[in-house]
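Some notes on the structure that comes next.
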Amino acid sequence: MYPEDRTIRRFLSTAPFSKSLVEQIRKLHPYSMLSDEEVYFLDNFCWSLPDPVRVAELGAYIGGTTSIFGAGTPSGSQIEVYDLFEHNPASRSRLKDDPLFEENSFFPIWERNTKRYRDKLIIRRGDVLETAKQSREPLDVLYIDIVKHPSLINVMLEFYQRLKVGGILMHQDYFHWQSPWIVYQMEHLLDHFDLIGDVGLNMTVYRKKREIPAENVDFLSFDIEQVTSLFDKAIARYGHSKAGMLRVSKLRLIIGTDKKREAELVKEVEETHGESPRVMRYLNELKKLDPARMW
Ligand SMILES: C[S@@+](CC[C@H](N)C(=O)[O-])C[C@H]1O[C@@H](n2cnc3c(N)ncnc32)[C@H](O)[C@@H]1O
């Protein structure tokens, strides 16, 4: 009923930085890819947990989010960290001047950045399609920032099934066109989750409300009508930029399936969201890039 001592201590120790709390958090671990709002939310979320938790962090990169979980979760918490720890071209170029740079792996950099939280971390290094099988314990918190390729969507169900009823799920890139499969998957599963809210034009946050049957669902076998109808339910929930970003995300799944529908959706995005620089940027990125190489 009352906040724990550690939560009160946290508020006391951060009060002097009330005007620049995120700046202070970033000084402690300056590696995060998250926006200021997301850093603020995730840090506060972790510090307000009263008891040790088991977390699965899917997609750690060089430890920005690992550090927030490591610093804020109560002592005795366990954090399963899933990542390939292998560069893509953008990462190789971004990190090339780091003293611990290696040609193929950024694992040494993640290790250095997170070493003060080492006692909480359970490393699951490799393809999550394989490493997902290495833990079966129920989860309190599930953080997902890894589904940038269709091959990863079905395995998410195993993590949702491990999450306890009452546990918290965060989808870091829900609104981004790199993760369109998440949008219709979550819509399909909405009997099992309450959507609590969203933050930073990226992340959605859910509480699991009902167990999910231990069966496999092939989310890649959904036909385009099913995908479109689930997407449209998600889009209807939001206005302005968020609806526009979801329309761009839906476009990613329509490209290559139906030229007429694709042209209509591009027109709809341009006409409805032409004023939103972010939506227009996403649309241009999607037109230019080969989505298969992204994460
Ligand atoms: C956007 S980054 C995560 C960023 C991190 N959450 C943060 O904010 O600091 C996505 C990560 O997913 C990892 N990843 C992509 N595909 C993977 C796979 N099949 N198995 C394991 N990790 C994968 C990449 O190596 C990358 O580090």
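When reading the values below, keep in mind they use all heavy atoms of this one structure, side chains included, and skip hydrogens, waters and symmetry mates. Both counts, for ligands and for their atoms, begin at 1 and track the order of listing.
Checked against the 6.0 Å centroid criterion, the rings of Phe219 and His188 qualify as a close aromatic pair. For Tyr61 and Phe85, the ring centers are positioned 6.0 Å apart or more. In this structure, Tyr82 has its ring center under 6.0 Å from that of Phe159.
Side chains of Tyr160 and Gln185: a donor on one and an acceptor on the other come within 3.5 Å. For Asp218 and Asn154, the side-chain atoms include at least one donor-acceptor pair closer than 3.5 Å. In the model, Thr7 has no side-chain atom that pairs as donor or acceptor with a side-chain atom of Trp47 under 3.5 Å. When only modelled atom types and interatomic distance are considered, Gln172 and Glu38 share a side-chain donor-acceptor pair under 3.5 Å.
Against a heavy-atom cut-off of under 4.0 Å, Leu152 is close to the following atoms of ligand 1: 16 (N), 19 (N). Per-residue contacts place Phe106 under 4.0 angstrom from the following atoms of ligand 1 (heavy atoms of the residue considered): 25 (O), 27 (O). Against a heavy-atom cut-off of under 4.0 Å, Tyr143 is close to the following atoms of ligand 1: 6 (N). Here is the list of ligand 1 atoms found below 4.0 Å of a heavy atom in Gly64: 9 (O). Close approach of ligand 1 to Ala60 is summarised as follows: ligand atoms under 4.0 Å from at least one heavy atom of the residue are 5 (C), 9 (O).
Looking at Gly59 next to ligand 1, an N or O pair under 3.5 Å apart turns up. Any N or O atom pair closer than 3.5 Å counts here, and Asp127 shares at least one such pair with ligand 1. Here's the thing with Tyr61: one of its N/O atoms is less than 3.5 angstrom from an N/O atom of ligand 1.
Residue Thr66 does not touch ligand 1, judged by heavy-atom distances below 4.0 Å. At a heavy-atom distance under 4.0 Å, no atom of Trp110 approaches ligand 1.
Ion pairing of Arg162 with Asp140 is absent here, as no side-chain N (NZ or NE/NH1/NH2) approaches a carboxylate O to less than 4.0 Å.
Ranked by closest heavy atom to atom 24 (C) of ligand 1, the top entry among Leu84, Asp83, Leu42 is Asp83. Among Asp173, Thr65, Val128, the residue whose heavy atom lies nearest to atom 9 (O) of ligand 1 is Thr65.
Among residue pairs with one or both ends in residues 111-125, those qualifying as salt bridge (Lys or Arg N to Asp or Glu O under 4.0 Å) are Asp98-Arg112; sequence neighbours excluded.
At least one heavy atom of Gly126 sits closer than 4.0 Å to an atom of ligand 1.
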